2 protein chains.
Amino acid sequence: MGKDDRRMRIGELSARTGVSIRSLRYYEQCGLLTSTRTAGAQRLYADDAVDRVRLLRRLFDGGLSSETIATLLPCVDTPSGDITVQALDVMRRERERIDAQISALLATREHLDALMVGAADHLARQRDDTLAATA
Amino acid sequence: MGKDDRRMRIGELSARTGVSIRSLRYYEQCGLLTSTRTAGAQRLYADDAVDRVRLLRRLFDGGLSSETIATLLPCVDTPSGDITVQALDVMRRERERIDAQISALLATREHLDALMVGAADHLARQRDDTLAATA
DNA sequence: GTAGAATCTGACATAGATGTCAGGTTCAAC
DNA sequence: GTTGAACCTGACATCTATGTCAGATTCTAC
């Protein structure tokens, strides 16, 4: 089953995902991303590595740590009972963390909005004063 | 104007805000929080320090850095034109950052939910299989 | 005035993803 | 074959808020 033997090197994967080469190597080191190697030890990736990296980015961007992601992935890749049970637990915890963080961000954003209104008012008042003084 | 001369030391402020003593000292070092000192150089805070610390926490929790907060505070404390103009700019940028981060978190949460459904399904199927084999 | 709790300063440690550099090897194209 | 680009590994740097420790000082209560 020859599949499509078209494989890319790390530079291309980096270009196609927008993720730095350094990070790709780091992901591999954490066991989040795998590659085959050429005779000369250069990494080769299949096309689906692009999707894998995008998945990783989404999880990283949601604030999951590499370690947490490493706990999750086996359940995605090779589901088995024991693995999945812990993974589900981790996912629940992460979900709660995300909810909490969203709440914090919303609260801060509102506070920021209030501050911005205050600041804008201050500037407007100041401008009016200046105009009045000039007139 | 004697005000209320009731002043607390750092331990009490820490207890009342839930923020570690270490962090309170750090905030002061960054210019985000001020204190008077006893003859023996111990920090004394007025009651309103509690609110100040809560404000700081809200901003920190929203992901603002101490440096960013330092840019903002003068506009809250002693509004003046120049300061306010830059502060408004910073606030706008932070607001955008917060929006982006919320989006990222929502996307991750959805992805996580999908993964959880898959994992739960897997477990359910597995359990059914076991039951069937036992029966 | 003395004991013990609280506080002071200054320094070093931590975490985690990523940047960056050095010195060496491999690959692709000509 | 040769050259220049791409890649390899390993190491050290970064950033920021906070923890922690040590040694000294101050405050509070008795």
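Just so it is clear, the model here is predicted, and its values are computed rather than measured. The sequence lines fix the lettering, A, B, ..., with proteins before strands; numbering per chain opens at 1.
One interatomic measurement links the two molecules: CG of A:Leu32 to C1' of C:dG16, which rounds to 13 Å at whole-angstrom precision. As rounded to whole Å, 13 Å separates atom P of D:dT9 from atom CG of A:Leu24. A:Gln29 places its CD atom 13 Å from the P atom of C:dG16, with the value rounded to the nearest Å. Atom-to-atom, CZ of B:Arg43 to C1' of D:dT25 comes out at 14 Å; the value is rounded to the nearest Å. Atom C1' of nucleotide D:dA6 and atom CZ of A:Arg37 are separated by 14 Å, given to the nearest angstrom. The interatomic distance linking A:Tyr45 (OH) with D:dC7 (C1') rounds to 11 Å, in whole Å. The distance from atom CE of A:Met8 to atom P of D:dC7 is 12 Å, rounded to the nearest whole Å. Between the CG atom of B:Leu59 and the P atom of D:dT16 there is a distance of 17 Å, given to the nearest Å.
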Per-pair distances, 0.1 Å, donor-acceptor, side chain in residues 49-56 of chain B, under 3.5 Å, sequence neighbours excluded:
| from | atom 1 | to | atom 2 | distance (Å) |
| --- | --- | --- | --- | --- |
| B:Arg52 | NH1 | B:Leu32 | O | 2.8 |
| B:Arg52 | NH2 | B:Asp77 | OD1 | 2.5 |
| B:Arg52 | NH2 | B:Asp77 | OD2 | 2.7 |

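Contact check on B:Glu28 versus B:Arg22 returns no salt bridge, with no Lys/Arg side-chain nitrogen under 4.0 Å from an Asp/Glu carboxylate oxygen.
Note on B:Arg25: a base of the nucleic acid sits closer than 4.0 angstrom, heavy atoms only.
Considering only residues two or more places apart in sequence or on other chains, B:Thr130 meets the side chain to side chain donor-acceptor pair (under 3.5 Å) condition with none of them. B:Thr36 meets the side chain to side chain contact (heavy atoms under 4.5 Å, CB included) test with B:Arg7, B:Leu44; sequence neighbours excluded. The side chain to side chain contact (heavy atoms under 4.5 Å, CB included) check on A:Ile21 picks up A:Ile10, A:Ser14, A:Arg25, with sequence neighbours excluded.
Transitive grouping of hydrophobic side chains (ILVMFWY, heavy atoms separated by less than 4.5 Å) brings B:Leu72 and B:Leu88 into a common cluster.
Residue pairs that meet the side-chain hydrogen bond (donor to acceptor under 3.5 Å, both in side chains) test with at least one member in residues 111-125 of chain B, sequence neighbours left out, are A:Arg95-B:Asp113. Within the structure, every pair that satisfies the ring pair (Phe, Tyr, Trp, His ring centres under 6.0 Å) test and touches residues 54-103 of chain B, not counting sequence neighbours, is listed here: B:Tyr27-B:Phe60. Counting only residues at least two apart or on different chains, the salt bridge (Lys or Arg N to Asp or Glu O under 4.0 Å) pairs with a member in residues 58-73 of chain B are B:Arg57-B:Asp61.
Summary of helix geometry: the two end axes of the helix from C:dG1-D:dC30 to C:dC30-D:dG1, each defined by five base pairs via their C1' atoms, are inclined to each other by 10° (rounded to 10°).
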Return a single string for nucleotides 17-30 of chain C, one symbol per nucleotide in 5' to 3' order, where B is base contact, S is sugar-phosphate-only contact and - is none, cutoff 4.0 angstrom on heavy atoms. BBBB-----SS---
